[in-house]
Amino acid sequence: MQITIIEHILSVRERIAVAAGRAGRSPEEITLVGVSKRHPAEAVRAAWEAGVREFGENYVQEAREKRAALEDLVGLRWHLIGGLQSNKARLAVSLFDTVQTVDRLSLAQALSLEAERNQKELSVLVEVNLTGSAIRAGVAESETQALCEQVAALPCLRLKGLMGMAPLCENAEGARPHFSRLRDLFEALPGENRQVLSMGMSGDFEAAIAEGATLVRIGTALFGERPPRN
Ligand SMILES: *Cc1c(COP(=O)(O)O)cnc(C)c1O
């Protein structure tokens, strides 16, 4: 497993560099987040040994177990990339460095309160719904700016930018217009809130980099197919 993960990391980093070069950007501008959901802690360990430091998890409970198994690793940073219920805000604040899925004020307020209790500042991204479908996560594009202003005003949150997922497209090029709209929303933010543009997954990260992503969230292309949920 370890050898395969190292090879995958090299190949993904190469693809990031090529995509960045094509867009006239430096690969150093782009953070690779390894999405380890439903993969074992040992997969994270292998990626860490190959130099990956940022990891994304979708479920608070799963992240808690994995973190406990990886306490000896130095410099790990954890991103919550799955939806969060406000009643899990306390646990989320204790486990994650960045919550990428803030999509409503009530959740932001709960996170800020817990961060204050923990005497820490939590980095957050506002998740934008690029699908136009009300059943999907994320704030509507038209409400993004207002939510960002409210989140940025909370005492213990540091709003770093935006996160989004393109709707399932037939090919990665189809995702580009969605990423492009997210970049437009991002560019309208004040400088201190315009540091991280999280978009692009295994199937579409090159298109996302072409549209300005500064952080890509990659699971399958690093760790292989996810085992089914049990
Ligand atoms: C699972 C997931 C990813 C990674 O998806 P892959 O296609 O396996 O790279 C990225 N972002 C979010 C929000 C996810 O839930």
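Remember, it's 1-based here, ligands and their atoms both numbered in the order they're listed. For clarity, every value in this text was computed on a predicted model and none was experimentally measured.
Counting all heavy atoms, side chain and backbone alike, Ala92 lies closest to Leu84 at CB-CD2, 3.7 Å.
Annotation for Glu29: atom CD counts as buried by contact number, over 12 foreign heavy atoms lying within 6.0 Å.
Counting protein heavy atoms only, atom 6 (P) of ligand 1 is closest to Ser202 OG, 3.5 Å. Summary of contacts: the protein heavy atom closest to atom 10 (C) of ligand 1 is Met201 SD, 3.3 Å. Ranking the protein heavy atoms by distance from atom 8 (O) of ligand 1 puts Thr220 OG1, 2.5 Å first. Shortest contact from atom 11 (N) of ligand 1 to any protein heavy atom: Arg217 NE, 2.8 Å. Residue, atom and distance of the protein heavy atom nearest to atom 3 (C) of ligand 1 are Lys37 NZ, 3.7 Å. The single protein non-hydrogen atom nearest to atom 12 (C) of ligand 1 is Ile81 CD1, 3.5 Å, given as residue, atom name and distance.
When heavy-atom distances to ligand 1 are checked against a 4.0 Å cut-off, Arg226 comes that close only through its side chain, counted from C-beta outward.
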*For Glu141 and Arg181, what are the C-alpha separation, side-chain angles and deciding distance, and is it a salt bridge (Lys or Arg N to Asp or Glu O under 4.0 Å)?*
CA-CA 9 Å; Glu141 290 171 46; Arg181 295 199 314 280; 2.9 Å; yes

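Here the straight-line distance linking atom CG of Leu125 with atom CD of Gln195 works out to 10.0 Å at 0.5 Å rounding.
By the 3.5 Å distance cut-off applied to N or O atoms, Met163 is not counted among the residues near ligand 1.
Atoms of ligand 1 found under 4.0 Å from any heavy atom of Ile218 (numbered from 1 in listed order, with element): 9 (O). Which parts of ligand 1 touch Asn58 is read off a 4.0 Å heavy-atom cut-off, strictly below it: atoms 14 (C), 15 (O). Under a 4.0 Å criterion applied to the non-hydrogen atoms of Met165, ligand 1 contributes the atoms 13 (C).
Checked by atom type, the side-chain pair Gln100/Ser198 shows a donor-acceptor distance below 3.5 Å. A donor and an acceptor atom, one from each side chain of Arg77 and Thr98, are nowhere located under 3.5 Å apart. Between the side chains of Glu57 and His79, no donor N or O sits under 3.5 Å from an acceptor N or O.
Only one option out of Val99, Leu70, Val33 pairs with Trp78 in a side-chain contact (heavy atoms from CB on, under 4.5 Å); it is Leu70.
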